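Reading through the structure tokens given below for one structure.
Counting begins at 1 with the first residue of the sequence. If you're wondering where the values come from, they're calculated on a predicted model, not measured in any experiment.
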Amino acid sequence: MKSLGRFDYVIVGAGTAGCVLANRLSADGRSRVLLLEAGGKDDYFWIHVPIGYLYCMGNPRTDWCFATEPEPGLNGRALNYPRGKVLGGCSSINGMIYMRGQARDYDHWRQLGNQGWSWDDVLPYFKKSEDQAAVPVDDMHGAGGEWHVEHQRLGWDILDAFRAAAAEAGIPNSDDFNRGDNEGCGRFHVNQVRGRRLSTAGAFLKPARGRQNLLVLTHAHAKAIRFEGNRAVGLSLRIKGEDAEVAISGELILAAGAVNSPHLLQLSGVGAPSLLSQHGIPLVHALPGVGENLQDHLQVRCAYKVRGVATLNERANSLWGKLGIGLEYALFRSGPMSMAPSQLGAFVKSDPALETPNLQYHVQPLTLERFGEPLHPFPAFTASVCNLRPESRGYIRLRCADPFAAPAIKPNYLAAAADRKIAADAIRLTRRIVAQPALQKFSPEEFKPGPAYSTDDDLAKAAGDIASTIFHPVGTCKMGQDDMAVVDERLRVRGVSGLRVVDASIMPTITSGNTNAPVIMIAEKAADMIRDDARRV
């Protein structure tokens, strides 16, 4: 077996969090850092073109190509479950939306007993890496960091009409969703640089690649953590078909995401004893919360045919339209090839009695039957709406002791009665927005789910037919103090030493919006904690 030697820090996963950690932990020039990525380099053309997410999700070159178990709440459907498998991870294939969530999210984490994770605590870390070009820099925003934020480089009349209709329905306009209270309707800001995707591999890892104390290995699949007693001392892996091992003098940091981090812990003997025994894995440390508490945003994709206004459907189904789209991007880095999956968003309350918005809209000038299929041949738009704080909880669990077998992914969408009620209310709210004069001039005709559905039960069932993940799995190695917590407030795995988890899996509850920016914040804060703890030794 090949030995890779000994490192101060070994990071499993060169995704959103891993690239940030590699940059920050190698910055002193002394600590030896090894960054491992199961996927390949980020040299695929479609990673860098914003519309390229269509060619990256579901592509084994850039995606783990996971799928969920059949979901009763989705009327027996199983969903594809994209997760980035490439340098940059999900930031190389995601929707590029810069969204922090609400101040309430982080204050709630603090109320759960996680000291140091309130909004006031985490805001400096958001600002640290931010390079804000979409709104003025002030006490809420930073400039000069690695993570560039800018406006999208195209517009659509149909989206402007939806925003006007939202205002007519009582939803205020917003020019900035990232000030702690994201209520309102407006255009999303994106992580792009002049019409090209910005991933954490480009923003954080590329500037650090020349450091002599940082080694980055691709096609390196972690198989199991090696323990001596209760301390993580090494890692077994396979690199390009060859088994290898690495020794760790400082810490092993799992940044493999909400699916792969708990799976690796389970494969290594850290998890629920009954699950590990079932698959013949010797128990190292009992942590029943590993893989549990899975939360995700489920988007209900309401769709409307329209007349007298342009949508992407017509352009994408015309040869001349496609040629024009390509030419516009080649010449100006603008137009549909520069667009994120969603350009317009809204944060609203399904019930006026709520303290903060609990619904998020992603509004798109296009429609399709399901992700990866061609756009419809008629003009139409989609108003996708998700419950920001679902009560349903699922899990990630290994299927067998084979480290190369995908785990079982069971989100349990719409399992909670409250989630079904909110899904029904969300469809009703969408209908109320579309019924406003600003959109009625385009004669919108609902075809998903369809006007025949009206009762709570009918609408919840219809939501199960048209809903899909918006790719925000979190919570499977949750931070906390209770018996199901996996890491403490410093992200150390409870009951063992030399091991942390730093990715979306540590969120005790899901944030109220897209999850990429919060993961960068988590990695920034974790890097400071790791360095501080090392100085105390």
Salt-bridge contact [X]-[Y] (side-chain N to carboxylate O under 4.0 Å):
| X | Y | value |
| --- | --- | --- |
| Asp532 | Arg536 | no |
| Asp175 | Arg163 | yes |
| Arg500 | Asp533 | yes |
| Lys410 | Glu69 | no |
| Glu292 | Arg397 | yes |

Measuring from [X]:[atom1] to [Y]:[atom2], what's the distance to the nearest 0.5 Å?
| X | Y | atom1 | atom2 | result |
| --- | --- | --- | --- | --- |
| Thr68 | Asn80 | OG1 | CG | 8.5 Å |
| Ile506 | Asn293 | CD1 | CG | 11.0 Å |
| His151 | Gln343 | NE2 | CD | 14.0 Å |
| Asp138 | Gln132 | CG | CD | 9.0 Å |
| Leu388 | Gln295 | CG | CD | 12.0 Å |
| Arg211 | Leu25 | CZ | CG | 10.0 Å |

Tell me if a side-chain donor or acceptor on [X] pairs with a main-chain N or O of [Y] at a distance below 3.5 Å.
| X | Y | answer |
| --- | --- | --- |
| Asn59 | Tyr55 | yes |
| Thr382 | Leu366 | yes |
| Ser174 | Asp176 | yes |
| Ser91 | Gly88 | yes |
| Asn23 | Leu205 | no |
| Asp419 | Ser392 | yes |
| Thr469 | Tyr81 | no |
| Thr218 | Glu37 | no |
| Ser268 | Val270 | no |

Task: Audit row: Leu235, Leu36, side chain to side chain contact (heavy atoms under 4.5 Å, CB included) steps and yes/no - done: CA-CA 11 Å; Leu235 184 73; Leu36 301 170; 3.5 Å; yes
Task: Within 45° cone of Trp117 ring axis and under 6.0 Å: Lys525 NZ or CZ - done: yes
Open item on the list: With side-chain hydrogen bond (donor to acceptor under 3.5 Å, both in side chains) as the test, pick out the partner of Ser512 among Gln360, Arg389, His108.
Closed with: Arg389
With sequence neighbours excluded, what pairs up with [X] under the side chain to side chain contact (heavy atoms under 4.5 Å, CB included) test?
| X | result |
| --- | --- |
| Leu215 | Phe7, Leu34, Leu217 |
| His48 | Asp42, Arg196 |
| Arg494 | Leu287, Gln481, Ala485, Asp488 |

TODO: Evaluate the salt bridge (charged side-chain N to carboxylate O under 4.0 Å, His left out) criterion for residues Lys421 and Glu391: first the C-alpha distance (whole Å), next the side-chain angles of each, then the deciding distance (0.1 Å), finally the verdict.
DONE: CA-CA 11 Å; Lys421 177 62 166 63; Glu391 293 185 10; over 6 Å; no
Side-chain contact test, heavy atoms from C-beta onward, threshold under 4.5 Å: evaluate it for [X] versus [Y] and give yes or no.
| X | Y | result |
| --- | --- | --- |
| Asn94 | Phe471 | no |
| Ile530 | Glu251 | yes |
| Met99 | Phe188 | yes |
| Thr511 | Tyr106 | yes |
| Val502 | Leu254 | no |
| Val216 | Leu87 | yes |
| Leu298 | Cys386 | no |
| Ile422 | Asp351 | no |

TODO: Kindly write out the residues that satisfy salt bridge (charged side-chain N to carboxylate O under 4.0 Å, His left out) with Lys127, not counting sequence neighbours, or none if the list is empty.
DONE: none
Task: Partner set under salt bridge (charged side-chain N to carboxylate O under 4.0 Å, His left out) for Arg187, not counting sequence neighbours - done: Asp160
Task: Among Tyr98, Tyr361, Phe347, the one residue meeting ring-ring contact (aromatic ring centres under 6.0 Å, His included) with Phe177 - done: Phe347
Open item on the list: Could you walk me through whether His141 and Val135 satisfy the side chain to side chain contact (heavy atoms under 4.5 Å, CB included) test, starting with their C-alpha distance in whole Å, then the side-chain angles of each, then the deciding distance to 0.1 Å, before giving a yes or no?
Closed with: CA-CA 8 Å; His141 290 291; Val135 295; 3.6 Å; yes
Task: Ring-ring centroid check Trp64 His263, cutoff 6.0 Å - done: no
- [ ] Please assess His362 against Gln364 for the test side-chain hydrogen bond (donor to acceptor under 3.5 Å, both in side chains), listing each intermediate value before the final yes or no.
- [x] CA-CA 7 Å; His362 291 77; Gln364 302 128 355; over 6 Å; no
- [ ] Start with the C-alpha gap between Thr62 and Tyr44, add the side-chain angles, then the distance that decides, and say whether side chain to side chain contact (heavy atoms under 4.5 Å, CB included) holds.
- [x] CA-CA 9 Å; Thr62 49; Tyr44 182 42; 3.9 Å; yes
TODO: Walk me through it: do Arg197 and Ile47 pass the test side chain to side chain contact (heavy atoms under 4.5 Å, CB included)?
DONE: CA-CA 7 Å; Arg197 172 190 292 275; Ile47 289 174; 4.3 Å; yes
Open item on the list: Listing request: all salt bridge (Lys or Arg N to Asp or Glu O under 4.0 Å) pairs with a residue in residues 91-116, at least two apart in sequence or in separate chains.
Closed with: Arg100-Glu130, Arg104-Glu355
